[in-house]
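As structure tokens, the structure follows; a few thoughts come after it.
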Amino acid sequence: MIWVDTIIQGILLGGLYALFAAGLSLVFGIMRLVNLAHGDLIVMGAYLILLLVTLLGLPPFLAAVVAMPLMFCIGWCLQKFLLNRTLGDDILPPLLVTFGLSVALQNALLEGFSADSQRLPTDVLTTASIQAGPISLGVMPLLTFASAVLVIVGLNQLFYRTELGRAFRATSDDATTASLMGIKTANIFATATGIALVIVTVAALYLGLRANFDPNIGPARLIYAFEAVIIGGLGSLWGTLAGGIIIGVAQTLGAAINPEWQILSGHIAFLLVLLVRPRGLFPRAHD
Amino acid sequence: MSYIVTTQTRASSVSAIAGILLILMLIALPFFAGRGTIQDMFFILTMLTLAQFWNLLAGYGGLVSIGQQAFVGAGAYALFALVILGGFDPVLAVALAGFAALAIAVPTAFFAFRLNGAYFAIGTWVIAEVVRLIASQWKSLGGGTGTSLPRDATRDMWFVEMIEETLGVRSAAARDILAYWIALVLALVTIGGIYWLLRTRRGLALAAVRDNIEAAKSVGVDAGRMKWMVFLTSAFGTGVAGALIYLQKARISPDAAFSVTDWTAYVIFIVVIGGIGTMEGPIIGVLVFFALQSLLADFGSWYLMTLGVLAISIMLVAPRGLWGLVSERTSLQLFPIQRRLRGGRLTTSEDQ
Amino acid sequence: MALLQTEGLTAHYGDFQALFGVDIELAEHETVAIIGANGAGKTTLMRSISGVLGNAPSAVRFDGVEIGTLPAEDIVSQGVAMVPEGRKLFPSLSVEENLLIGTYGRKTRGHWNLETIYELFPILSERRHNPGMALSGGQQQMVAIGRALMSNPRVLLCDEISLGLAPVVIKDIYDAVPKIKQAGASLIVVEQDIAQALAVADRVYCMMEGRITLTGTPDSLSRDAIYDAYFGASQ
Amino acid sequence: MSILALKDVSKKFGALTVTNGVTFDVPKGQALGIIGPNGAGKSTLFNLITGNLSADAGRIHFQDRDVTRVSAKDRCLSGVGRSFQIPQPFEKLTVYENLLVAATHGCNLSEAAVQADCADVLEQTELIRRANTPAGQLSLLERKRLELARAMATQPNLLLLDEIAGGLTEGECQALIGTIKDIHARGVTIIWIEHVLHALTSVVERLLVLDFGKIIGIGDPDEIMASKKVREIYLGIDI
Amino acid sequence: QGAKIRIGYVSPQSGPLAGFSEADQFVIDGFLGSEAGANFEVVVKDSQSNPNRAAEVAKELIIDDEIDMMLVASTPETTNPVATTCEAEEIPVISTVAPWQPYFIGQQGNPGDPGSWRPFDFSFHFFWGLEDVISVFTAMWGQLDTNKQVGGLFPNDGDGNAWGDPNVGFPKPLAELGYGLTDPGRYQNLTDDFSAQINAFKQADCDIVTGVPIPPDFTTFWTQAKQQGFTPKAASIGKAILFPQAVKALGDQGHNLSSEVWWTPNHPFASSLTGTSAGDLAAGYAAATGKQWTQPIGFVHALFEMAADVMGRVDDTRDPDEVTAAIAASELNSIVGRIAFDGAGLPPFAAANVAKTPLVGGQWRLKDGGGYDLVIIDNSDHPEIPTGGTMEAIS
Ligand SMILES: Nc1ncnc2c1ncn2[C@@H]1O[C@H](COP(=O)(O)OP(=O)(O)OP(=O)(O)O)[C@@H](O)[C@H]1O
Ligand SMILES: Nc1ncnc2c1ncn2[C@@H]1O[C@H](COP(=O)(O)OP(=O)(O)OP(=O)(O)O)[C@@H](O)[C@H]1O
Ligand SMILES: [Mg+2]
Ligand SMILES: [Mg+2]
């Protein structure tokens, strides 16, 4: 039974990672932008929610909803005025710029909010659980997983059912030709990053509810998010979810053998998948 | 009608003479400079070495790795293992540490060369994490806690006594001077070696692969071997530099030795700020980085914020780095590698 | 007055100069062909007009307005659409989606919409839900043309629309040209197939090494003159 | 004795079959011309022969050795030289250095040993005055010359030329023909893709016509040119 | 009068450990303003919570600022690189706020081989040790009725490795006192899932949890434990619930968590510098910064008390050997209790370098209006420190 529990907990953990990764996947998939500041943006989102909670007395979920449009604007401007200028064949400029952003953001948060670890106010929901036979499942992890699935379903709808989604795909395929079709690619990219930051807000909400956060906690999560995106395959959102679950399950299984192996087994799972499939599980047919 | 080939330019002859003078001065530095200067120079030289190797990898080899900390850490851990567990002399251990980095680099390359671009970058990062996690299971070197070099080991290091006597300094200062000289040799060998490489036919091949890999293959360049060569060379040099740095720190822990920020992010910062793909870039970059650090480091988070903002602004304003700005304006080259054909039908007036 | 006009147009790829002061003109309802050997700079010219490559403001003038510095997406909105060389369909999009991209973010009024495009190329209507890349080369070319038409342009730039197609298919494609003209558009057609170019155009420019070397109406140009302009004269 | 033999070679890009069961061989020392409409798969065929692309099916033999799975670099070392249709210079290197890469690596010689040869090739291809110019600054014609020069610098037994005559003046064209004939006279086997037919036919002894990745004719140039199918598919017009 | 005495001080003012250093400025200002402090100049450096940086700034202080003595505080990640550097540079150093085992053993070449351990010549440390935590924790647990099954949550870092160490850590003494310890193994910090540990503790039917996780990890663990139905009677945790903000982050779930207590405003000690009592110091801090007091305040203060005391007893403050001898001879009644390097309560190998300060046990109690109070509930080892209640089981 413990093994079943271990795997289920791993899957739920995978949901969290997928949620961390979904925004990254969107940005990486559409513009091949390696955003090293993604983790810090999540932390920034968490602080924003915290601010709304303390200043306006909103419950965290509502605060997250209020934060979303704000985060969208931040993402939009970030892309439009900064990141767009680094896009191109060379991966170094975005790497260095987002690294600079990450360092600057971390320390700005440190100045603004101090190093104290914070958490969003919790209620009974935080520790509530559902009994499924001998296994008890936390409501919060279930909610996290459900949100991850919802986000991915939502993004897929957006991608495959709307005009904007069409423009996303076209721009991602070939930005030059897309501009010949009258698509303002700079704005498309900005919108994509805006949406990514809306997803970041959802991730931030769960980050802040499940445990403490402080200004420096971002980068530690970034690597799992990247792993999920890459083993999922470039641009495949379901792949990102699968990637998150693989890493989550590998971690809990590794931990069940010995906690020393927990994080290591996540990484090793990542390396193994790439060894077998260098372009991830669900790569795009063309590239 | 016979042709000759040269690489010298007038600027380069001047800079060669200036370079020799500078090197002589650097060698003699401990005779007249204080310990503070020696310390600063040690920092500059080791960071410069790391930067030159990363530049070789990314700037000349097109391999953008963000996992160089794996080799710094491997070298450093090898040093501690050899000294503490193997009883080696630290100076010898520093030299051997490069092989530990090589031992890690071979499987890393085998894996990472299957990946491209961003995948390669993230892949190397994850591998470095794996190496870190494995190092933190190495119980006899303190596991996640880390460990310190025993004082006896560094006190009785080769050459230290000699330096103490000749220069009449305390043992701690003598160790600094020894480390400085090793760092100087390492940096000079690195710069000289890379410069030499770039001037051989392998250097040409490297440039060809970077410019156009398909065409390079079609004229018989072994692109795969170039990649291996560059990757392994940088790993070796990075490992030695890592060992040297930690000989000076005398204390190691996995988080410190495998820090992606300290050993890769800052190194990337140095190279890119200075100008990637040039020999001069890392030199400028490391000086800028050092200046920033000495001016601002006491301001804590404001220093780091400045560093971040600076990285962003330079990338946007001068994507080819500070040296790029200089050489665009002046077409100055301190390390000329271009071969120029002269003589025959190329009289001086015609050649441009 | 010319509808579209370039004046002293130059273009560079890094250090390499691909165009050296190109002057061409296109009148309303006219079809102009541009011919020239491989690498003469035809595609570069098209890319410069359509805004993919930047220019001096006055280098390109459309309907009296200087559009040389406008980005590609604004030039489309002005009414200059391009069928790029090599078709460049979006692989992630179906045929219909590829067509719809042509109207992204704009409500254009005019003759061309999904229906009329399917009328023009009936075969596309059958394959509308297929991925664009699953089509044959000729069909892909039809999608590329349709996609550009969806924005109801006043000027349509066609870069080697016969490239790599069998003669029969080429005929199908070129059959559409008169219908496109009829709907009110002016065309610039880049062609390597000289016969085809001469057949369809009101006027011909011949390019060599980034310069216009010859211009005239198809009748006025002798084969020899074209030959010389095309490959350089021996004299 | 044939220097190159292809048997049932095929290549697909996604759903598109670009090379479709191509079989032919080239006797040592022959000059073979390849013609065909744009997109027929001529350049792709070259990429398959040089190893820049790997074949999906079929076998390729070079000098009696199966090279189907051999890398581009090893094929070059064993004597396959090529030019690219779209010039692919090493842009940051000078013209002379471009040749130096090819000569030192393609023949596995030291720089000193090839210096004179490279200068020779530069003189032959009229590039000598541009020797110290970065290749990225060359004009199109110079780039095409560089393609030829670089291929020659590897001292190939089999030289593959992809559309190097396009856009030349008549005088230049004659000079080029002369150069190629010289190379051929030295015993180098040549395969030449060219749209400028008169240049092609003045050099080659055999002509191959490709359409939709298939060989639709191979043989004596005059016979091929006379065949109705070829006229219909390829020539279309009669300049 | 000559130049002032130069003291170097390294602490993590930015980065994840910055919480430890919040009172630094307040304490240093107080020190410099005091009568004894007037002779001193304090050069403060930030380790950025980074061991590499800590070693670097230590070198700078020694070489560029030419300090006479080094002070360093807060976690082995800060104290060890600085002490190692000072030892190599032969500069006297006093450190605190790290249990002495990770400090002492962590700086030995081979931590696994006690035979190879050597005392230091220039490094001194005052704090308590694991034996004190164990004694305090077991005394607290003894106040409850439990099945004596303990689950251990030890990360793979300086503290965790020491706590879980079979020689010097929890396992041996717990076994001697009849406790069963379930230790699943060393996990990495910033782990996102503790199901493995929770399952192991559930299987072993643990009534008690102990360990030294970092705050976010403990929150994750504790929340998951509740979700997965694991409810121990006692949870005695080091480090993670040191600061009131960290407990507050647990929402209502922090009630009755217990911890070792090194210093509170109720400790019956006073500053040797100014005579200020512990309570007044804390109140002064609260008044000056508007923040709740934290335990490191007393210890950082005591560091500077040591500096004043030691330097008051030497003739040539620039002579490292003389300063070192003076430190070794210290006997100071400071705001954290008596500090003397007399080896009391220590094994012989550490006797020369370590002085122990008192440790008691406390529990966080939810206040009516929200927020938590730290109540001392066990003082069996140091009866001079008053208790404010008795151990309560977690409901
Ligand atoms: N992206 C690019 N970078 C560098 N050079 C380029 C680029 N695109 C084209 N060129 C060069 O510019 C010149 C003109 O190219 P262009 O594509 O305009 O010719 P074209 O007349 O359209 O030829 P084709 O008939 O082959 O399509 C050529 O020498 C080509 O190599
Ligand atoms: N890397 C590739 N990926 C996908 N399709 C390709 C690729 N290379 C070539 N093609 C396609 O294969 C077909 C044949 O191309 P190829 O370049 O071999 O033609 P060609 O006969 O050389 O034409 P040209 O006379 O224009 O040079 C074309 O339709 C082209 O679009
Ligand atoms: Mg073209
Ligand atoms: Mg071709």
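Throughout, a chain's letter reflects where its sequence line sits, starting with A, and its residues are numbered from 1.
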Using non-hydrogen atoms and a limit below 4.5 Å, what part of residues 98-120 of chain D faces chain B?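 So the qualifying residues are D/Leu100, D/Val101, D/Ala102, D/Thr104, D/His105, D/Gly106, D/Asn108, D/Leu109, D/Glu111, D/Gln115, D/Ala119.
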B/Met47 and B/Tyr266, any side-chain heavy atoms less than 4.5 Å apart: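 B/Tyr266 reaches B/Met47 side chain to side chain.
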When D/Pro134, D/Ala151, D/Cys76 are compared by non-hydrogen pairs under 4.5 Å with chain B, the top option: D/Cys76
Among D/Thr50, D/Leu77, D/Leu93, who wins on heavy-atom pairs under 4.5 Å with chain B?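 Highest number of pairs under 4.5 Å: D/Leu93.
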Minimal heavy-atom distance between B/Leu325 and B/Ala318, with the atoms involved, is CG-CB, 3.8 Å
Looking at every heavy atom in both B/Ser234 and B/Leu57, which two are closest together, and how far apart are they?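 The pair with the smallest heavy-atom distance is OG-CD1, 3.6 Å.
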With a cut-off of under 6.0 Å to the ring centre and 45° to the axis, is D/Arg206 in cation-pi contact with D/Phe24?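 Pair D/Arg206/D/Phe24 does not count as cation-pi.
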Options B/Arg202, B/Gln338, B/Arg210, ranked by heavy-atom pairs under 4.5 Å with chain D, top entry: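 Top option by heavy-atom pairs under 4.5 Å: B/Gln338.
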Side-chain donor-acceptor pair present, D/Ser43, D/Gln85, cut-off under 3.5 Å: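 Per modelled atom types, D/Ser43 and D/Gln85 side chains form a pair under 3.5 Å.
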Do D/Arg82 and D/Asn47 get their side chains close enough for a donor-acceptor pair, meaning under 3.5 Å?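 Yes, side-chain donor-acceptor contact under 3.5 Å.
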Between B/Ala223 and chain D, which part of the residue has a heavy atom less than 4.5 Å away: side chain, backbone, both or neither? neither
Contact class of B/Arg225 relative to chain D, heavy atoms under 4.5 angstrom: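 For B/Arg225, no heavy atom lies under 4.5 Å from chain D.
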Between D/Glu142 and D/Arg145, does any NZ, NE, NH1 or NH2 come within less than 4.0 Å of an OD or OE carboxylate oxygen?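 Answer for the salt bridge query: no.
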May I ask you to decide if the ring planes of B/Phe113 and B/Phe120 are parallel, tilted or perpendicular, using 30° and 60° as cut-offs?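 Parallel: the ring planes of B/Phe113 and B/Phe120 meet at under 30°.
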